[in-house]
Amino acid sequence: MITLRLGFRVGAAEWPCQPARLLLLVEYRGDRTALLLHLGTLMAEAAEHLARLNPGHVPDLHHRFLAWARARG
């Protein structure tokens, strides 16, 4: 299972970068609901971590963690 690594960056890309997204799509192929649940859990962990680092300012993480993984069409 792919886990959250906030410090992991490829160039200027934030996690999940394009290679991580591809790996997640392959790992959860056929189970988009499980993928979204996993990403939602990681998003919550990231929000908690970022809130500790910068109290009072947590960026909107929805697009970064969930929007890309929604089924198309």
Results of side chain to side chain contact (heavy atoms under 4.5 Å, CB included) for Leu25 - residues two or more places apart only: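 Leu25 satisfies side chain to side chain contact (heavy atoms under 4.5 Å, CB included) with Arg32, Leu35, Trp68 once adjacent residues are dropped.
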What closest approach, in Å, do Arg64 and Arg21 show between heavy atoms, and which atom pair accounts for it?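 Answer, listing the atom of Arg64 first, then Arg21: O-NH2, 3.7 Å.
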Shortest non-hydrogen contact from Leu66 to Leu36?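 Looking at all heavy atoms of both residues, the shortest contact is CD2-O, 3.7 Å.
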His38 side, atom NE2; Leu42 side, atom CG - distance, nearest 0.5 Å: 4.0 Å
How many angstroms lie between CE in Met43 and CG in Leu39, if you round to the nearest 0.5 Å?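 Met43 atom CE to Leu39 atom CG measures 9.0 Å (nearest 0.5 Å).
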Steps toward side-chain contact (heavy atoms from CB on, under 4.5 Å) verdict (Leu53, His49): CA-CA 6 Å; Leu53 292 175; His49 180 78; 3.4 Å; yes
Trace of the side-chain contact (heavy atoms from CB on, under 4.5 Å) decision for Leu50 with Leu61: CA-CA 10 Å; Leu50 292 171; Leu61 299 173; 4.1 Å; yes
